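Each residue takes its place number in the sequence, starting with 1. Just so it is clear, the model here is predicted, and its values are computed rather than measured.
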Amino acid sequence: MASTEESRIYTDENGFYCIDCRLADWSFGRLHNLYEECFSSGTFSDVDWVIVDDAVAYLVEYKNALVPACSVSAYNPSAQNNLRRLVKKCFDSLHFVHCLQRATQYHYVCVLEYALDDAVTRAGLRDELVRKINCVMSSRIGSTHKFVDAIEVVNIEEWNAAHTEFPIRQVPLAASSESADFS
């Protein structure tokens with residue numbers, strides 16, 4: 001299926017923010033829908049966006065608990081249940097990305113906005129994700145192989161500073177993702 005530039009701008013599930021992937025070599029923003037169509041199963045847990053650029057696949061999980069539509073005002077990503085979900089989203093999505101054979105490196109990036117967010121909390125969450133995704137699984141199967149090459153936990157500002165080619169922006173009121181201003 002051919003991709004248009006507009007189809008490579010993906011809006012978050014609440015419709016408040018979008019990411020512009022028009023400069024990526026390849027991207028996908030509806031992984032969950034694809035799995036639902038193929039398997040009619042609610043057991044799949046996926047990242048929000050997959051971006052492949054220069055042989056690096058970014059598995060991007062986006063969670064913004066600060067938008068009005070979000071019912072989780074007290075979202076704590078470090079809570080064990082939320083941490084398990086973040087790990088599951090990485091592993092479930094990694095299968096899809098590996099099958100594409102479009103990348104040689106895999107980066108899992110959690111873009112999080114929530115109350116009481118700070119750099120120390122994000123660093124601690126990143127360390128816990130590294131431990132659970134790369135260390136615990138590898139040691140249990142007797143391997144030194146890392147499942148992902150890099151794990152980042154950032155807020156929107158940090159994502160935009162590090163990944164200027166794929167900005168996350170607020171969707172203008174009463175506008176669709178296709179007409180969002182990315183200038």
Side-chain angles (χ1 to χ4, degrees), residues 1-15 17-64 75 77 80-113 125-126 128-154 156 158-160 162-163 165-168 177-178:
M1 170 171 62
S3 171
T4 64
E5 282 203 11
E6 290 80 24
S7 68
R8 292 166 47 110
I9 298 173
Y10 307 108
T11 303
D12 76 340
E13 62 193 37
N14 295 313
Y17 285 82
C18 56
I19 186 169
D20 184 346
C21 297
R22 291 178 292 183
L23 296 180
D25 294 337
W26 186 88
S27 62
F28 201 75
R30 296 168 303 281
L31 188 54
H32 187 78
N33 294 352
L34 175 67
Y35 268 73
E36 287 294 316
E37 289 171 18
C38 295
F39 305 113
S40 300
S41 168
T43 60
F44 181 72
S45 187
D46 62 307
V47 296
D48 293 295
W49 306 307
V50 177
I51 304 166
V52 179
D53 197 53
D54 293 331
V56 176
Y58 298 96
L59 289 79
V60 183
E61 173 58 20
Y62 171 80
K63 177 72 172 163
N64 191 337
Y75 177 73
Q80 284 305 307
N81 196 30
N82 291 329
L83 189 59
R84 270 193 298 277
R85 281 190 201 116
L86 291 174
V87 171
K88 182 170 175 32
K89 285 173 181 271
C90 178
F91 281 121
D92 285 2
S93 301
L94 200 53
H95 297 297
F96 172 79
V97 177
H98 274 288
C99 289
L100 292 174
Q101 297 181 341
R102 292 179 184 257
T104 56
Q105 291 186 35
Y106 303 90
H107 294 199
Y108 181 42
V109 184
C110 296
V111 181
L112 304 175
E113 294 283 340
L125 178 59
R126 180 208 163 276
E128 189 65 14
L129 287 171
V130 166
R131 190 181 73 74
K132 288 187 178 296
I133 292 170
N134 281 337
C135 301
V136 173
M137 282 292 287
S138 295
S139 67
R140 294 235 170 109
I141 62 173
S143 172
T144 57
H145 175 76
K146 293 190 316 189
F147 286 89
V148 293
D149 299 288
I151 298 173
E152 300 174 57
V153 178
V154 297
I156 292 173
E158 292 167 329
W159 167 269
N160 285 340
H163 304 281
E165 65 277 28
F166 314 120
I168 296 175
S177 64
E178 288 81 10

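- For L83 against K132, the heavy-atom pair with the smallest separation is CD2-CE, 3.4 Å.
- Expressed to the nearest 0.5 Å, how far CG of L129 lies from CG of L86 amounts to 5.5 Å.
- Side-chain contact between R22 and I9: present, with at least one pair of heavy atoms (C-beta onward) separated by less than 4.5 Å.
- Legend: residues meeting side-chain hydrogen bond (donor to acceptor under 3.5 Å, both in side chains) with R85, ordered by chain and number and at least two apart, are N82.
- For Q105, the side-chain hydrogen bond (donor to acceptor under 3.5 Å, both in side chains) partners are H107, not counting sequence neighbours.
- Taken to the nearest 0.5 Å, the CD1 atom of I168 stands 6.0 Å off from the CH2 atom of W159.
- For V47 against K89, the heavy-atom pair with the smallest separation is CG1-O, 3.8 Å.
- With sequence neighbours excluded, no residue satisfies ring-ring contact (aromatic ring centres under 6.0 Å, His included) with F166.
- Q101 pairs by the side-chain contact (heavy atoms from CB on, under 4.5 Å) definition with nothing, not counting sequence neighbours.
- Among all heavy-atom pairs drawn from L112 and P77, the shortest one is CD1-CB, 3.8 Å.
- With a 4.5 Å cut-off on side-chain heavy atoms, E152 and Y108 do not count as touching.
- Residues meeting the ring-ring contact (aromatic ring centres under 6.0 Å, His included) test with Y106, sequence neighbours left out: H98.
- The side-chain heavy atoms of R84 and K88, taken from C-beta on, include no pair separated by under 4.5 Å.
- Residues F147 and I133 come closest through the heavy atom pair CD1-O, 3.2 Å.
- Across all non-hydrogen atoms, the minimal contact from C90 to L59 is O-CD2, 4.0 Å.
- In this structure E13 satisfies the salt bridge (charged side-chain N to carboxylate O under 4.0 Å, His left out) test with no other residue, sequence neighbours excluded.
- The closest side-chain heavy-atom distance from D48 to D12 is not below 4.5 Å.
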Requested in this report: Show the numbers, then the answer: is there a side chain to side chain donor-acceptor pair (under 3.5 Å) between S27 and Y58?
Outcome: CA-CA 9 Å; S27 62; Y58 298 96; over 6 Å; no
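- Tested against I19 for a side chain to side chain contact (heavy atoms under 4.5 Å, CB included), the candidates T11, I51, N160 yield a single pass: I51.
- Side-chain atoms of R131 and R126, non-hydrogen and from C-beta on, never get closer than 4.5 Å to each other.
- Put simply, the residue from V60, V97, L94 that forms a side chain to side chain contact (heavy atoms under 4.5 Å, CB included) with V50 is V97.
- Counting heavy atoms from C-beta outward, V111 and V153 have side chains that stay 4.5 Å or more apart.
- Residues A24 and D53 come closest through the heavy atom pair CA-OD1, 3.7 Å.
- Residues N14 and N64 have side chains not in contact (no heavy-atom distance under 4.5 Å, counting atoms from C-beta outward).
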Query raised in the report: Is there a side chain to side chain contact (heavy atoms under 4.5 Å, CB included) between F96 and D46 once you walk through the steps?
Result: CA-CA 10 Å; F96 172 79; D46 62 307; over 6 Å; no
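- Ring to ring, Y62 and W49 are close: their centroids are under 6.0 angstrom apart.
- Side-chain contact between C18 and D20 is absent, with no heavy-atom pair separated by less than 4.5 Å.
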